[in-house]
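All remarks here apply to the structure that follows.
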Amino acid sequence: MRRRAAGLDGASVEVRTATDLVAALEGADVVLNAVRIGGLGARVFDESFPQRHGCPGEETMGPGGLANALRTVPVVRRYWETVREVAPDALHINLTNPSGIVVAALQATYGAPVFSVCDSPVVFCDAIAERLGVPAVEVRLRYQGMNHMGCWTPSGDEALEATLDLVTGQDEDAVRMQGAVGAPYVRYYLNPDRILATQQAASETRAQQLQRLEVELLQGYADGQADMPRRGAVWYGKAVLPLVDAWSNGSDDVLLLGMRNDGRIPGLPDAVITEGPVRFPEPRRPEAVPVPALPPLPAQLLTQHAAYEAMAAAATGPDASHEDRLRAMLANPMVSSYDQAVALVDEVETGSPA
């Protein structure tokens with residue numbers, strides 16, 4: 001970070017680090033929550049154990065996402081107690097996965113205005129806009145859903161046909177049937193059998209690939225190599241910084257943000273975190289922009305997912321029981337039977353990294 005700051009032309013940037021949370025938060029205008037409880041080893045578990053029970057493994061969707069939430073939320077909740085004491089007026093931005101569940105659990109406990117941000121819908125909408133040759137804002141105004149569970153509703157058949165091949169992991173006929181273009185992670189619900197087969201044929205999980213990259217990066221930095229290859233953290237430029245600017249100064253730009261539903265998408269619980277277009281007509285005053293109604297099939301799937309996330313957020317609470325965790329697992333659209341849910345929860349409770 002200091003190397004990057006030193007290379008900024010004409011900018012005066014001071015980079016400070018702290019291992020004490022209170023010291024880090026004092027005077028903060030923005031709090032960015034981006035933690036991985038259990039490290040990449042825990043992500044390996046999240047991406048692996050569902051495969052043993054007939055489900056794809058992923059750190060935000062399905063059984064792996066619930067395992068991640070159950071491990072993550074209790075720790076983040078303790079962090080948040082300090083955040084609310086030391087920096088109560090700061091802008092709170094969450095990047096920690098599974099973002100929708102994490103933010104819903106925090107708001108249920110503290111009532112804090114926390115935004116969930118993700119680069120995935122921004123990149124997705126940009127690709128559609130480029131294909132159609134229209135401004136990105138036109139596409140964003142027709143995007144809605146939840147974190148990693150959103151879709152774009154085209155204005156007509158011509159726009160749908162022109163964008164069918166942009167959908168990840170789905171047949172074009174299936175997209176036509178949906179009547180909407182699903183963002184990449186929707187494939188985990190619509191084609192779990194294909195994803196599971198691909199994962200089981202692979203030699204390593206995505207988390208194991210990242211573990212190798214982490215070792216290479218740390219060794220390179222230790223050896224003084226300044227130009228090491230790294231993951232492109234596009235979420236900062238695409239999602240975080242536009243929100244900070246809009247919150248601080250107001251903006252006519254249309255951002256894609258996650259926040260409490262509160263009627264934003266009719267039929268979904270108010271307390272779940274939904275994603276869609278937001279404007280800031282004044283600093284610190286977000287306004288959700290109305291979006292067109294979803295076609296029946298994606299609306300039904302989103303309703304299922306919202307019910308699952310509401311149960312998952314409740315299952316992360318300090319008084320939650322085994323039955324609460326089992327209920328949330330069974331509600332997930334990727335889980336097909338009670339027996340499967342029991343086996344998955346048993347492994348989460350006995351095998352998940354601390």
Side-chain angles (χ1 to χ4, degrees), residues 42-70 72 96-102 116 118-121 123-124 127 143-152 164-175 177-178 180-202 204-210 258 268 272-275 294 297-313 328-337 340-341 343-345 347-348:
R43 180 170 171 175
V44 171
F45 174 80
D46 296 340
E47 294 178 350
S48 301
F49 86 90
Q51 297 182 42
R52 295 191 281 273
H53 304 281
C55 291
E58 213 281 317
E59 67 162 340
T60 61
M61 304 290 286
L66 181 57
N68 189 4
L70 294 172
T72 298
T96 295
N97 282 324
S99 189
I101 300 172
V102 170
S116 167
C118 182
D119 62 296
S120 180
V123 173
F124 176 66
Y143 179 90
Q144 63 184 303
M146 299 175 70
N147 184 242
H148 290 181
M149 188 57 201
C151 64
W152 170 72
L164 290 174
D165 64 316
L166 295 179
V167 178
T168 302
Q170 298 176 46
D171 296 329
E172 293 186 0
D173 286 342
V175 181
M177 187 174 296
Q178 291 284 316
V181 181
Y185 286 85
V186 174
R187 72 188 188 277
Y188 280 92
Y189 282 165
L190 295 182
N191 295 110
D193 50 347
R194 295 185 188 179
I195 296 174
L196 176 61
T198 299
Q199 289 180 344
Q200 291 177 331
E204 59 183 1
T205 65
R206 174 58 176 161
Q208 288 169 325
Q209 295 173 1
L210 293 176
L268 301 190
V272 300
I273 306 303
T274 54
E275 281 184 346
L294 284 169
L297 281 176
Q300 182 265 345
L301 187 58
L302 184 61
T303 299
Q304 283 184 278
H305 181 75
Y308 153 69
E309 285 216 349
M311 294 184 195
M329 187 70 78
L330 188 57
N332 190 277
M334 206 181 294
V335 177
S336 60
S337 73
Q340 186 184 36
L344 286 162
V345 171
E347 183 149 7
V348 170

Test side chain to side chain contact (heavy atoms under 4.5 Å, CB included) applied to S48 - qualifying residues, sequence neighbours left out: V44, R52, T205
Interatomic spacing from SG in C55 to CD in Q199 - rounded to 0.5 Å: 10.0 Å
Residue pair A312 / I101: nearest heavy atoms and the distance that separates them: CB-CD1, 3.7 Å
Those residues that, when tested against L330, pass side chain to side chain contact (heavy atoms under 4.5 Å, CB included) (two or more places apart): Y338, A341
With sequence neighbours excluded, residues passing side-chain hydrogen bond (donor to acceptor under 3.5 Å, both in side chains) with T72: N68
Pairs touching residues 59-69 that satisfy salt bridge (charged side-chain N to carboxylate O under 4.0 Å, His left out), sequence neighbours left out: R36-E59, R43-E59
Nearest-0.5 Å distance that lies between atom OG1 in T274 and atom CD in Q144: 9.0 Å
Within-4.5 Å side-chain heavy-atom neighbours: M334 and Y189: yes
Partner residues of T60 under the side-chain hydrogen bond (donor to acceptor under 3.5 Å, both in side chains) criterion, sequence neighbours left out: E58, H148
Test side-chain hydrogen bond (donor to acceptor under 3.5 Å, both in side chains) applied to N191 and Q170, step by step: CA-CA 7 Å; N191 295 110; Q170 298 176 46; 5.5 Å; no
Inter-residue atom distance F124.CZ - T168.OG1, 0.5 Å rounding: 8.0 Å
Heavy-atom closest contact (A67 atom, D46 atom, distance): CB-OD1, 3.6 Å
Residues in ring-ring contact (aromatic ring centres under 6.0 Å, His included) contact with Y308, at least two apart in sequence or another chain: H305
Residue list, side chain to side chain contact (heavy atoms under 4.5 Å, CB included) with A180, at least two apart or on another chain: C151, T153, P295, P298
Residues that E172 engages under salt bridge (charged side-chain N to carboxylate O under 4.0 Å, His left out), provided they are two or more places apart: none
Heavy-atom closest contact (M177 atom, L297 atom, distance): O-CD1, 3.4 Å
Results of side-chain hydrogen bond (donor to acceptor under 3.5 Å, both in side chains) for S336 - residues two or more places apart only: Q340
Check: L301 and L190 side chains under 4.5 Å, non-hydrogen atoms: yes
Within-4.5 Å side-chain heavy-atom neighbours: V348 and L70: yes
Those residues that, when tested against L196, pass side chain to side chain contact (heavy atoms under 4.5 Å, CB included) (two or more places apart): Q51, P56, Q200
Residues in ring-ring contact (aromatic ring centres under 6.0 Å, His included) contact with Y143, at least two apart in sequence or another chain: none
Close side-chain approach of H53 and P63, heavy atoms under 4.5 Å: no
Side-chain heavy-atom pair Y185, N147 within 4.5 angstrom cut-off: no
Residue pair V272 / A310: nearest heavy atoms and the distance that separates them: CG1-CB, 4.0 Å
Interatomic distance, I273 atom CD1 to S116 atom OG [nearest 0.5 angstrom]: 7.5 Å
Pairs involving residues 189-200, ordered by first then second residue, that meet salt bridge (charged side-chain N to carboxylate O under 4.0 Å, His left out) (sequence neighbours left out): D171-R194
Shortest non-hydrogen contact between A306 and L268, atoms and distance: CB-CD2, 3.8 Å
Nearest non-hydrogen partners of V186 and G150, listed with the distance: CG2-O, 3.5 Å
Straight-line distance of E309 CD to L66 CG, nearest 0.5 Å: 10.5 Å
